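This one's a predicted model, so the numbers in the text were calculated from it and none came from an experiment. Any value given below was found using the heavy atoms of this structure, including those in side chains, with hydrogens, waters and symmetry copies removed. In what follows, every chain begins at residue 1, and chains take the letters A, B, ... in the order their sequences are listed.
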Protein chains: 2
Amino acid sequence: MEYNVYASACPTRMIFDRLSDKWALLILDRLCPAPVRFNQLLREIDGISQKMLSQTLKNLERDGLINRQAFPTVPVTVEYSITPLGKTLASTVNVLIHWAQDHGDAVLAAQAAYDQRLAG
Amino acid sequence: MEYNVYASACPTRMIFDRLSDKWALLILDRLCPAPVRFNQLLREIDGISQKMLSQTLKNLERDGLINRQAFPTVPVTVEYSITPLGKTLASTVNVLIHWAQDHGDAVLAAQAAYDQRLAG
DNA sequence: CAGCATCCAAGATGATACTG
DNA sequence: CAGTATCATCTTGGATGCTG
């Protein structure tokens, strides 16, 4: 069945909303090359709080996009890794990131021009 | 220069944050095939409020992703259309939307399984 | 029609402290 | 180490009314 993304009741839209989560895509991208531990993510993803990281990881796991594996060390070690499903999404996310890298300057210039028009 | 997306100071990250705006990508996608007027967007994009629509459109225009054109009719008519820069992004967004459509069921299933594990 | 200004409720998030 | 719990805050967004 074909859904209409612009309708809020559509399941695709529900998922699309989730995708626009501030941290989810960033984390997904970070897990893509290799599994990473909790505190390492916390250190590397600048600006995220422990609460948000924990929450976002839980959501991603629930969506089947990442795996959580705990090792019975003392103290416990937890590794997060990307699932096959997550990988299919991550490749798309990567395209988005590249877009941002490639066109960042153009956007910045547009913003400057816009602000200039308002001021002048 | 190569930026680190995981650092909050990076311009790419700033843009990436913007991309994860709840409505921006949806609107961009809607404008892709043809220009649309304000109230038409308001009607078609389910759940968005006038305030959010107005705000998001302004941001998109500032980023150089869409154009705003006012016609001197009475009452005034305003048409929003996508820019060449916006088009390059929209095509990527389209891939995201397709991903959501293609894998929506898989995500829903994963969620159900996750919830099941918790309950049982 | 296409907005902007104001007020207000709700949810998101940060800081801090605590636990297995 | 990898979280959870609680509280304070701060932003987000909806409702409403007004304007060119």
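- Taking side-chain N and O atoms only, R68(A) has no distance below 4.0 Å to OP1 or OP2 of dA2(D).
- Put simply, CG on N39(A) is 6 Å from C1' on dC1(D), counting in whole angstrom units.
- Atom CZ of R68(A) sits about 9.5 Å away from atom CZ of F38(A), to the nearest 0.5 Å.
- In this model, the phosphate group of dC4(C) is approached by a side-chain N or O of S54(B) to a distance below 4.0 Å at OP1 or OP2.
- Here the closest non-hydrogen pair linking T88(A) and W99(B) is OG1-NE1, 2.9 Å.
- When rounded to the nearest whole Å, the span between NZ of K58(A) and P of dG3(D) equals 9 Å.
- For R37(B) and dC1(C), the shortest distance from a side-chain N or O to OP1 or OP2 is not below 4.0 Å.
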CA sep, side-chain torsions, deciding dist, call: H103(A), L89(B), side chain to side chain contact (heavy atoms under 4.5 Å, CB included): CA-CA 9 Å; H103(A) 301 278; L89(B) 175 57; over 6 Å; no
Worked check of side chain to side chain contact (heavy atoms under 4.5 Å, CB included) between V107(A) and L85(B): CA-CA 9 Å; V107(A) 172; L85(B) 180 62; 4.2 Å; yes
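- Separating the CG atom of L118(A) from the P atom of dC4(C) is a distance of 11 Å, rounded to the nearest angstrom.
- Here I48(A) contributes atom CD1 and W23(A) contributes atom CH2; the two are 5.0 Å apart, rounded to the nearest 0.5 Å.
- Between the side chains of E61(B) and N67(B), no donor N or O sits under 3.5 Å from an acceptor N or O.
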Are any protein N/O atoms closer than 3.5 Å to N/O atoms in nucleotides 5-7 of chain C? If there are, list each pair with its distance.
none

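- Atom CD of Q69(A) and atom C1' of dA2(D) are 15 Å apart (whole Å).
- dC1(C) atom P lies 16 Å from atom CG of L57(B), rounded to whole Å.
- F71(B) comes within contact range of no nucleotide atom at all, as no heavy-atom separation falls under 4.0 Å.
- For the pair V76(A) and D21(A), both in contact range of DNA chain C, the more 5′-proximal nearest nucleotide belongs to D21(A).
- For the salt bridge (charged side-chain N to carboxylate O under 4.0 Å, His left out) test, no residue two or more places apart in sequence or in another chain qualifies with D46(A).
- Of the side-chain N and O atoms in Y80(A), one or more sit less than 4.0 angstrom from OP1 or OP2 of dG3(D).
- Toward the 5' end of DNA chain D, the nearer of the two residues S49(B) and R43(A), judged by each one's closest nucleotide, is R43(A).
- Remark: C1' of dG14(D) and CD1 of I48(B) are 12 Å apart, rounded to the nearest angstrom.
- Taking atom CE of M52(A) as the reference point, atom C1' of dT4(D) lies 13 Å away to the nearest angstrom.
- Between L42(A) atom CG and dG14(C) atom C1' the separation is 13 Å, expressed in whole Å.
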